[in-house]
Structure formats: structure tokens, C-alpha cells
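Below is one structure, written out as C-alpha cells, with a few remarks after it.
Chain letters run A, B, ... following the sequence lines, proteins first and then strands; every chain starts at 1.
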2 protein chains.
Amino acid sequence: MDTTQRTDQQRSADRRRRELLEAADRVVLRDGPQASMNAIAAEAGITKPILYRHFGDKGGLYAALAKRHTDALLDSLRAALDAPADRRERVESTLDTYLAAIEARPQVYRFLMHPAEGSAGAEQGFDVGKHSAPLLRRMGEELAQVIEERVDLGPESQQLARVWGHGIVGMMHAAGDWWLGERPCSRAELVRSLADLLWGRLAAAGDRMGGPGF
Amino acid sequence: MDTTQRTDQQRSADRRRRELLEAADRVVLRDGPQASMNAIAAEAGITKPILYRHFGDKGGLYAALAKRHTDALLDSLRAALDAPADRRERVESTLDTYLAAIEARPQVYRFLMHPAEGSAGAEQGFDVGKHSAPLLRRMGEELAQVIEERVDLGPESQQLARVWGHGIVGMMHAAGDWWLGERPCSRAELVRSLADLLWGRLAAAGDRMGGPGF
DNA sequence: GACTCGGGTTACCGCTAGTAACATCGCACC
DNA sequence: GGTGCGATGTTACTAGCGGTAACCCGAGTC
């Protein structure tokens, strides 16, 4: 049949694709986000044009590679987020999951956070919005959805949930990035501090010297 | 005297430097973070090597350029942060100041958020920490300092303030970036939502369906 | 046996960051 | 007044990047 043949071919192509992605993975793990197409092709034992045939351009390979890790990370996060525990516990466990991930494989993390940036300056539209890494966007949307599903926010809940989703993800990301660089405290302490922040401890704390007027 | 002579020269050099920075500014405003050294040199009416003599490498020019905008933005933020108002008001006004700035000049904002990245792959150490834009780091540290000065957090206040500083800045940044791309609501609404988040409304809200067990 | 077709390579383009080498002007110094 | 020296500027280059055109070859098919 024609179809079986095509599936055969497609399977072969998919296998190749996976092999290439794994090679790319190794290079990224070694070289960080600067991994060049040449280096990836060499690691895979082939030459550049094949990479381009499979992924179109560097952005395509980036996207495919990012999707794998992003999916994996999001799965872990969902598990923590959906656990049958109380909210504070779930928040802390989610934060901890994320931080453990970036701690375990910082090079991959750097790669994922790197914005795509079609470097061949041809079609750089004025899309100012797409600065953030896709991973951050996806995590933000995902978290927003969970918040809206599980937390009762009254009217405008969707808007609020989306703002909070992206905001919390950004908080997690920035704090994690800083922490990874300076290591000023243990992971557990960081998690507790962030959860405290989300729990309104900033608003509840008193002013330092005298009244709030000055 | 020798000194006066040197000051003369230095003044001239400084003026040149400022001129070059202004030209670079114009190009960045037009081309975004992809502004090339060639383009900047052309805009300034000179050629590349002069740029390199003044700023060392692209990172140096980037740093000098970023410092100007960062200083300006931080001044605005400090003003909002130090106002003699109550804490919630100060927080909202600071958020609004930041968002107004990135809304007014998105190209500059993109440039500032772009990590430095010594692209000439020579000396790329394993410093995984320096992924974030210097602007974010500086804002985080600054905010941390203000928090520690003005908010009474008991023991470990320094640690907590630093975590919160970076966390809040990250929240602001991510939410702002998302908002700038999708424009799902007005600036004022965004500010209020974020302040609500910081004020613990997430913790205070009820669960959606029945008990928290499932 | 000619013919197409997928997987692969070589050799190139245009661009980037960065540099070496050469030219030139102004100014101090003997 | 010539002379050297330092800042200012240029041209012309390197090395490496993302990306592509052109060719090449083995397998299957009529």
C-alpha cells in the first residue's frame, strides 16, 4: 500500500529527527545557548543542510528542542500544581520543582530562557511582545489556567488569573535566576521566602521607623 | 600644566563618547537590540574601529548605553518608591512608573532586557548566573535595599528583602512584557491586579468547587 | 536502462564582531 | 623650524555565523 510506505518513511524521518534532537541536546548541554548549527551538525555526524531540511532554520530547531524540555518541565509542574494538598503546600512544591529543575541543568535552563531572535535581520517586525522566552509564556498561561480553575476570584477572574499567572512565573524566574547566580541561601529557604511574599507578608509587615508618614 | 591639558583631552574624549552614545541610542531606538556596530558607526558618521577604541567591544557599548537608560529609569522608580505615601500607594505608583516607561519606548526596553552575551565565544565561562539583564539585577537590588530600609521584617530581614526585591522585579517584568504584547487590559488595571497579588489576595481567596481536598 | 527521489556533501553568500596596518593632523620639545 | 609622538581616523582584512544553491549518489520503479 501507499500509506504503509509513507508511514515507513515518516517513521524513519521521525527517528532521524529524534536523533538530531538528541545530538542538539548534547551540544546545548555542553555549549549553552551559543550552540551553533555547525557544532550540532558535527555532533550528529552530518552536515548543516540536513539540519536545515529537518527544522527549517535555527528557530525551528530551537523550538523543537525547547518543546521537549518545556513539555517535560511543565509535566512536573502540573503534577506539583494538581496535587491534593492545601494551596500553600501546592505553591511551595511547585516553586521547589521549578527551582530544582533549573538547579539540576542550568545550561538547558539558559537555553530555554533565551529568546528566539531570528538573527538574519530580514523580517524583524516590530513585534515587541515576543521578547520573553516561550517557556515563560507557556508557564504563565498554564498557571493562569490552574488559578482560574481552582481559585474563586469573583468577576474578572480570568483577567486576574492571567495577570497573576504571568506575574508569579516571572517572580519565580527572576528569583531563581538570581539565586542560581549567587546562592545566598538554600532552596528550601528561597521557596519559603517566595511563598511568604505571595502570602501577603509584605503587606502585613510593619513600617520600620515610626509612622508611615515619613 | 600637564593636568589641564589632560582634562582638555579628556573632555573632548568624553564629548565624543557622549555623541557616540547618542548615535547608538538613535540606532537602537530604530533597530531594536539587533543594532549592529556597523549601523551605529554609520549613524555616528564614523567607522567601526573608533567605536571599539571607545568602548572595547560590543558589550562595553551595550553596558554604557544601558547604564544611561537604567540610571534614568531607576531615578524615576526611586522617586515613586520614596514618596511619602502609604505602602500600597507607593507600590502601585512604582509599578505604574515602570510600565509607563516600557510602554513609551518598547525598543529601548527590549534592548535593555537583552542579556549581554559575549558573542565571540572565546571566554564564555560557566557563569550561569548572568543570564538576566543587568537592568533586572539592579532593579532587584535597589528594591531589596528599599524594602530592608523601610519594612520591618524581623530577623533574616536582609535575606528576605533580597529575595523579595528580585522576585517582585521579576513579577513586574514578566507581567509587563506579557501585557505589552497582548494588551489585554489598561495599565491601571494591570497595576491594581499586581498590587492585589502582592497584597496576598491569592492566599485569601477561596477555593472554587467545594473543599480543598479535591 | 533511463528516471526520479530522498539523504548527503561541497562550496558558496552575506552578514556579523573584532583587528591589524596604514594615514594624518596637532602639538610639544630641542 | 624640523622632529617625534599621540590621538583620530581610515581601509582592508580575519574568523565565524546562519542559511542556501548546486551537485552527487544509491535505491527503487516503469
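Taking a cutoff of 4.0 Å between a charged side-chain nitrogen and a carboxylate oxygen, B:Arg192 and B:Glu92 do not qualify as a salt bridge. At a threshold of 4.0 Å, the pair A:Arg162-A:Glu148 does not count as salt-bridged, since none of the basic side-chain nitrogens sits closer than that to a carboxylate oxygen. The pair B:Asp82-B:Arg90 fails the salt-bridge criterion, with no side-chain N (NZ, NE, NH1 or NH2) lying under 4.0 Å from an Asp/Glu carboxylate O. Of the charged side-chain nitrogens involved, none lies within less than 4.0 Å of a carboxylate oxygen, so that A:Arg18 and A:Asp25 do not count as a salt-bridged pair. Using a cut-off of 4.0 Å between Lys/Arg side-chain N and Asp/Glu carboxylate O, B:Arg138 and B:Asp71 are scored as salt-bridged.
The phosphate of C:dG6 (OP1 or OP2) has no side-chain N or O of A:Arg16 nearer than 4.0 angstrom.
Across the protein-nucleic acid pair, A:Leu20 atom CG and C:dG7 atom P stand 11 Å apart, rounded to whole Å. Going from atom CG of A:Asp57 over to atom P of D:dT20 covers 8 Å, rounded to whole Å. If you measure from atom CD of A:Glu19 to atom P of C:dG7, you get 12 Å, rounded to the nearest angstrom. Atom CD1 in A:Ile40 sits roughly 11 Å away from atom P in D:dG19 (whole-Å rounding).
Under the 4.5 Å side-chain criterion, counting only non-hydrogen atoms from C-beta, B:Thr70 is in contact with B:Leu112.
The cationic group of B:Arg183 lies under 6.0 Å from the six-membered ring centre of B:Trp179 and within 45° of the ring axis, placing it in a cation-pi geometry.
No donor-acceptor pair closer than 3.5 Å links the side chain of A:Arg87 to the backbone N or O of A:Val151.
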Protein-nucleic acid N or O pairs under 3.5 Å, nucleotides 14-16 of chain C:
none

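In the region residues 46-53 of chain A, proximity to DNA chain C at under 4.0 angstrom, judged on heavy atoms, holds for A:Ile46, A:Thr47, A:Pro49, A:Ile50, A:Arg53.
Ring-plane geometry between B:Tyr98 and B:Tyr109 is classed as perpendicular, the angle between the planes exceeding 60 degrees on a 0 to 90 degree scale with a lower cut at 30.
Helix-axis bend for the helix from C:dG1-D:dC30 to C:dC30-D:dG1: the local axis fitted to the five terminal pairs at one end deviates from that at the other end by 30°, rounded to 10°.
Checked against the 6.0 Å centroid criterion, the rings of A:Phe111 and A:Tyr62 qualify as a close aromatic pair.
How far CZ of A:Arg105 is from CG of A:Leu73: 10.0 Å, rounded to the nearest 0.5 Å.
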